[in-house]
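The block underneath contains the structure these notes are about, expressed in structure tokens.
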Amino acid sequence: MSPVSTATSRLPRDFFARSSVDVARDLLGCLLSFGGVTLRLTEVEAYAGQVDPGSHAFRGETPRTRPMFGPAGFTYVYFTYGNHWCLNLVAGQEGTAEAVLVRAGEVVEGHELVRARRGNVAERDWARGPGRLGQALGMGGEHTGRDFCRPVLGEPIDLVVAEPARPVPAGAVATGPRVGVSGPGGDGTAYPWRFFLEGDRFVSAYRPGTVKRRRATAPRL
DNA sequence: ATACCGATTGGCT
DNA sequence: GCCAATCGGTATC
């Protein structure tokens, strides 16, 4: 039996109610289970809500970002580029709209399920990147705004975030600019809030954010 | 009503 | 390394 599959203590809401940066760092190595698939988290990013130009919540609450403005311990799943569903775990105090983007992981359980969803791609790429990870887990818009800390009441919760059997050594955690975050003052280099396991194969490739172009004038036909 | 764009990915040069 | 795909969210007219 693999040591990682033996850890089963669900992280409490208090764990997520801290600053997104602290939560992100501590999530590395943790086990995230959803619908029969378990990932060992290798890469995450912190977003600091309304004071963070790179955050979806920067311009205030909208129907999409509503879960971010709620209490910690809920999901925020968003759709992007016409194809991809990406998973966030809401952090911080209610109203601050902090969240942690789950960017990559290693599949440690549910290989058959993931193989079916991800097709014939290298196992290394099954959940290496937020879009791929969402697909590996079978994430969709119906999974946003879900409480993953509440123990048993109400609708079934199939998302579990648990401590690893063995915590990752502090020296194994690396930080850097966030991936793909763009815009004036919002580029990823502004905050080194990407956390990943140094040297781990299941970490996505770094890509800098694109420089935002400004169109000269509006077409206004 | 409409235009712009993205916390990405996969394919091709 | 470069770039098109693809469509919901958001801002704007």
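Numbered from 1 within each chain, the chains take letters A, B, ... in sequence-line order.
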Report task. Indicate whether OP1 or OP2 belonging to B:dT8 is found under 4.0 Å from a side-chain N or O atom of A:R132. Result -> no

Query raised in the report: With the threshold set at 4.0 Å, does a side-chain nitrogen-carboxylate oxygen contact exist between A:R178 and A:D52?
Result: yes

Query raised in the report: Charged N to carboxylate O under 4.0 angstrom, A:R40 versus A:D200?
Result: yes

Requested in this report: Would you say whether A:Y47 stacks on B:dA7? The test is a distance between ring centres of less than 5.5 Å and an angle between planes of less than 30°.
Outcome: yes

Query raised in the report: Among C:dT10, C:dG8, B:dA7, which is the nearest nucleotide to the side chain of A:R103?
Result: B:dA7

Requested in this report: Answer with base, sugar-phosphate or nothing: what part of the nucleic acid does A:F79 contact at a heavy-atom distance below 4.0 Å?
Outcome: sugar-phosphate

Query raised in the report: Does a nitrogen or oxygen in the side chain of A:R207 sit under 4.0 Å from OP1 or OP2 of B:dA7?
Result: no

Query raised in the report: Is any side-chain nitrogen or oxygen of A:H56 closer than 4.0 Å to OP1 or OP2 of B:dA7?
Result: yes

Query raised in the report: With A:R132, which of A:V114, A:D125, A:V121, A:L137 fulfils side-chain contact (heavy atoms from CB on, under 4.5 Å)?
Result: A:D125

**Report entry** Whole-angstrom distance between C:dT6 and B:dT2, as gauged at atom P
**Finding:** 22 Å

Report task. Measure centre to centre between the rings of A:Y76 and A:Y78, then say whether the value is under 6.0 Å. Result -> yes

Query raised in the report: Which base, if any, makes a Watson-Crick or G-U wobble pair with B:dT8, both distances under 3.5 Å?
Result: C:dA5

**Report entry** Distance in angstrom units between A:R64 CZ and C:dC7 C1', rounded
**Finding:** 12 Å

Query raised in the report: Is any side-chain N or O of A:T62 closer than 4.0 Å to OP1 or OP2 of C:dT10?
Result: yes

Query raised in the report: Do any side-chain nitrogens or oxygens of A:R59 fall under 4.0 Å of OP1 or OP2 in C:dT12?
Result: no

**Report entry** A:V181, nearest nucleotide to its side chain (from C:dT10, B:dA7, B:dT8)
**Finding:** B:dA7

